[in-house]
Amino acid sequence: MAIYLNDVSRTFGEYLLIPGLTTHMCIPSNISLRTPLVKFKKGEQAPIRLNIPFVSAIMQSVSGPDLAIELARNGGISFIFGSQSIESQAEMVRKVKKFKAGFVVSDSNLTPEHRLDDVARLIQTTGHSTIGITDDGTPNGRLLGLVTSRDFRLEKDDLNTKVKYFMTPFDKLIVGELGISLNEANQLIWEHKLNTLPIIDENDHLAYFVFRKDYDSHRDNPYELSGPDKSLLVGAGINTRDYAERVPALIEAGADVLCIDSSDGYSEWQRDTLIWIREHYGDKVKVGAGNVVDGDGFDYLVNAGADFVKVGIGGGSICITREQKGIGRGQATALIDVAAARARHEKETGIYVPICSDGGLVHDYHMVLALAMGADFLMMGRYFARFDESPTKKLRVGNNYVKEYWGEGSNRAQNWQRYDLGGSESLKFEEGVDSYVPYAGKMKDNLAVTLGKVRATMCSCGAVNIEELQKHAKITLVSSTSIVEGGAHDVILKEHS
């Protein structure tokens, strides 16, 4: 006879937060949204912490390099989608890691004997308009000069002109010596009104560039998520099929954290993947697993070596797993159950394993509910798909602008590995749909509004950080009638022209 659970499968929309005491400390500017991304021992700090509790979903229509860069600049992290070739995914990871690092290793280099058409091709390939001119054309050759977009005009200059005739020569460059601090380098940039400062060693070999735009970027993005080398942090999705080839390539490319992407993570396939990673990399490689919806699934993945666990099956806006397979659980109920299992695990082992809530978010206040119910961070697809930085096209449908958004379980994604049941390479039926989402503009502007709501709600709950929210939040079930009461009702709304 089947096992019957007594609880009801509930969603975030069935709950409300009860206000707590709002103290003088509970103002938005005091609210910390820092949160652990990977497991850690009690009393210690997680090796990777997010500055905002948001990560982007492992989806073709969401997590490309541009969105990964912008999200990291604002304090979260993206997981570059894995439903592509290993080489393509690794290159996307490299693009994020190279975007900004304070001291940047030059990836655009030529010799004085190259020509203007070589410069044009290099700029088109890399997208970078600052080119280090070295004696051998390598990133660490002896620096002879610098070429920027101000040194030539493609529409007027002869493309056969050699670089040595229009570059800024070494004796006219302001340079910094290897060992200079980033603050000192930025000071030189400001004093001499530079856009780029080459850093050289005692033999005049190029070591790094420091860019003025990186200083401006850091000032404008105080929550930027970066490592000790100042490079942005980025994650990558993997599957349970080609991990032996994909994982080494992603690590070599610089991925800071991995996550197994699957609609149902409670499987021996995920255990095998985690065990392989631990056998080959120990604890150096951080990897999350999932998705699960109960304590049994959580325990299974944590015991196999997961650094965090994703919760949620069938709750995503484009996911139809529940109606196709009858598999899943209301996101709120799943999260509460897994959080209880996490608490038991921490009590028994002294190890705290973060939980990622994936799916089920309709309104911004649902984010706070998810955090209060035990999630350490939230994985979102639809939310990020709306922005300029997502990889999809902006289209006009009727009188509205939209962006394309499709599920990894759709035939369009061709991501059969995500639904691995050990069979042949095919998707027998779809578990995701192809759709549009309303276009919303730049990520930064929208994030500011959303995070403002999150901080304001936490203030009303009397919590100044996520840990306090989880300890002290009061949550109540609501009736269908009270849900109606919570919106505008019994009035005639004005139409705005």
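- Note that NE2 of H363 is 10.0 Å distant from NZ of K453, once rounded to the nearest 0.5 Å.
- Looking at heavy atoms from C-beta onward, N221 lies in side-chain contact with N74 at the 4.5 angstrom threshold.
- Distance CZ/R382 to OG/S390: 13.0 Å, rounded to 0.5 Å.
- Put simply, the side chain of I251 reaches to within 4.5 Å of the side chain of V285, judged on heavy atoms.
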Salt bridge (charged side-chain N to carboxylate O under 4.0 Å, His left out) between E252 and R94, worked out: CA-CA 9 Å; E252 189 276 331; R94 287 191 194 95; 2.9 Å; yes

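- With respect to K471 and E467, a salt bridge is recorded, a charged nitrogen being found less than 4.0 Å from a carboxylate O.
- The line from CZ of F384 to OG of S56 is 6.0 Å long, rounded to the nearest 0.5 Å.
- Counting only heavy atoms from C-beta outward, the side chains of K444 and R73 never approach each other to under 4.5 Å.
- A side chain to side chain contact (heavy atoms under 4.5 Å, CB included) with V292 holds for exactly one of I355, D299, I313, V309; it is V309.
- A heavy-atom distance below 4.5 Å is not found between the side chains of L50 and R34.
- For OH of Y208, the number of neighbouring non-hydrogen atoms (other residues, nucleotides, ligands) closer than 6.0 Å is 12 at most.
- In this structure, F40 and Y352 have tilted ring planes: the angle between them lies in the 30° to 60° band.
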Can K474 and L17 be said to form a side chain to side chain contact (heavy atoms under 4.5 Å, CB included), step by step? CA-CA 6 Å; K474 293 181 287 186; L17 292 153; over 6 Å; no

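- Interatomic distance, D272 CG to T240 OG1, rounded to the nearest 0.5 Å: 8.5 Å.
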Please assess F377 against F308 for the test ring pair (Phe, Tyr, Trp, His ring centres under 6.0 Å), listing each intermediate value before the final yes or no. CA-CA 10 Å; F377 55 98; F308 66 84; 5.4 Å; yes

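- Applying the 6.0 Å contact sphere to NZ of K394 captures more than 12 heavy atoms from other residues, nucleotides or ligands.
- Between F12 and H366, the ring planes are tilted. Angles from 30° to 60° get that label.
- Put simply, the side chain of L225 does not reach to within 4.5 Å of the side chain of L232, judged on heavy atoms.
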Take Q470 and M373 through the test side chain to side chain contact (heavy atoms under 4.5 Å, CB included) and record every step on the way to the result. CA-CA 6 Å; Q470 292 173 347; M373 289 174 176; over 6 Å; no

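- Ring geometry for Y383 versus F387: interplanar angle over 60°, hence perpendicular rather than tilted (30 to 60°).
- Relative to the six-membered ring of W276, R271 misses at least one condition, a distance below 6.0 Å or an angle of at most 45° to the axis.
- Here the side chains of N239 and R246 are in contact, with some heavy-atom distance below 4.5 Å.
- Ion pairing between E44 and K39 fails under the 4.0 Å rule for side-chain N and carboxylate O.
- E268 has its side chain within reach of Y300: a pair of non-hydrogen atoms, C-beta onward, lies under 4.5 Å apart.
- Taking a cutoff of 4.0 Å between a charged side-chain nitrogen and a carboxylate oxygen, R49 and D376 do not qualify as a salt bridge.
- Under the 4.5 Å side-chain criterion, counting only non-hydrogen atoms from C-beta, P391 is not in contact with S61.
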Report the C-alpha separation of D337 and R329 in whole Å, then their side-chain angles, then the decisive distance to 0.1 Å, and conclude whether the salt bridge (charged side-chain N to carboxylate O under 4.0 Å, His left out) test is met. CA-CA 11 Å; D337 194 1; R329 199 177 194 183; 2.8 Å; yes

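- For F81, there are no ring pair (Phe, Tyr, Trp, His ring centres under 6.0 Å) partners, not counting sequence neighbours.
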